[in-house]
Protein chains: 2
Amino acid sequence: MAKRNTKQRNAIRSAFIEAGRPLTSGEIHELVLSELPSVGIATIYRALKDLVQEEWLTSMTIGGSTRYELANLGHHHHFHCNQCDKTFDIKGCVGDLTSLVPNAFKILKHELTLIGMCQACNGEMAS
Amino acid sequence: MAKRNTKQRNAIRSAFIEAGRPLTSGEIHELVLSELPSVGIATIYRALKDLVQEEWLTSMTIGGSTRYELANLGHHHHFHCNQCDKTFDIKGCVGDLTSLVPNAFKILKHELTLIGMCQACNGEMAS
DNA sequence: ATCGGTGCAAAGGGTTTGCAGGGTA
DNA sequence: TACCCTGCAAACCCTTTGCACCGAT
């Protein structure tokens with residue numbers, strides 16, 4: 001099961017590195033299409049699955065869509081814009097959460113998503 | 001568009017009130033099936049859509065599945081058990097989050113999900 | 001030359017919709 | 001009696017899989 005460096009998978013990896021934010025399968029497909037006009041969506045999905053499996057990517061559901069991003073970003077959370085439907089990373093984190101549930105509940109991790117309007121969409125509103 | 005009180009929709013409403021936690025469409029279907037053995041899944045989905053629209057329910061995606069719960073529970077968050085795949089409500093909340101994003105981002109709301117093992121599953125582990 | 005990856009098309013799972021019949025108001 | 005709601009089946013969307021060909025190693 002040695003991995004091969006095809007131009008499709010290289011394009012997918014580049015897209016994630018350049019994007020700097022979580023991407024949906026559709027967004028990735030479009031980004032790769034602009035470079036390789038005949039990539040099929042199945043290729044995208046197969047690559048995404050492999051990349052998640054080898055822990056180069058992680059996946060999450062935000063705003064009703066599955067989104068993928070680099071796995072090596074460390075602990076962080078997300079901001080989702082209702083206007084443009086894009087998701088962004090945010091660095092801060094909330095404090096201790098163990099008091100929120102009874103002791104018999106074991107907390108392994110937590111996910112925090114802020115929802116609102118991003119900088120770009122907010123700027124358009126003002127103008 | 002006057003709503004009618006059919007036995008199907010009454011059973012759906014009862015299921016949510018008795019459950020006391022978010023339910024997936026499949027869980028609701030099973031609960032209603034035990035009372036009305038011939039309800040179709042389309043009836044469930046149509047009722048869920050109407051109930052969300054009239055703001056009697058809200059929907060969210062947790063643990064990879066769309067889940068529905070009563071809309072009148074006030075601000076709260078969720079705990080998701082990786083073992084049994086059930087989602088529970090928790091009452092506490094985190095503090096001020098405005099400092100997490102630049103001022104140009106407008107925060108309308110936030111969602112926090114704790115992930116781990118619930119009381120019941122944790123108990124089974126110990127025994 | 002191998003055999004993993006690709007593209008296409010078909011199959012899957014969850015959700016929605018069209019339609020004729022049934023039941024509430 | 002009206003007409004909203006229901007059950008069934010087909011349609012849809014997103015994602016996965018089968019298959020023959022392509023191409024990285």
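Numbers restart at 1 for each chain; the letters A, B, ... are given by sequence-line order, proteins then strands. Worth knowing before you read on, the calculation uses all heavy atoms, side chains too, and leaves out hydrogens, waters and symmetry mates.
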Short side-chain N/O contact from A:Arg9 to OP1 or OP2 of C:dT6, under 4.0 Å: yes
Exam field: side chain A:His29 to backbone A:Val39, donor-acceptor pair closer than 3.5 Å: yes
A:Ala42 side chain, from C-beta outward: closest of D:dC19, D:dT16, C:dA25: D:dT16
Any A:Gln8 side-chain nitrogen or oxygen under 4.0 Å from OP1 or OP2 of C:dG7: yes
Sugar-phosphate only, base, or nothing, as touched by A:Ser38 at under 4.0 Å among non-hydrogen atoms: sugar-phosphate
Worked verdict on A:Thr24 versus A:Asp85 for side chain to side chain contact (heavy atoms under 4.5 Å, CB included): CA-CA 10 Å; A:Thr24 63; A:Asp85 194 44; 5.7 Å; no
Touch class at under 4.0 angstrom, heavy-atom based, for A:Ser25 against every strand present: sugar-phosphate
Residue closer to the 5' end of DNA chain C, B:Asn5 versus A:Arg46 (nearest nucleotide): A:Arg46
Side-chain N,O (B:Thr6) to OP1/OP2 (C:dG23) below 4.0 Å: no
A:Lys49 side chain near D:dT17 phosphate (N/O to OP1/OP2, under 4.0 Å): yes
Short side-chain donor-acceptor distance under 3.5 Å, B:His80 and A:Glu111: no
Side chain to side chain contact (heavy atoms under 4.5 Å, CB included) between B:Lys7 and B:Leu36, worked out: CA-CA 8 Å; B:Lys7 54 185 181 302; B:Leu36 304 169; 3.9 Å; yes
Any N/O donor-acceptor pair, B:Arg4 side-chain to C:dG22 base, under 3.5 Å: no
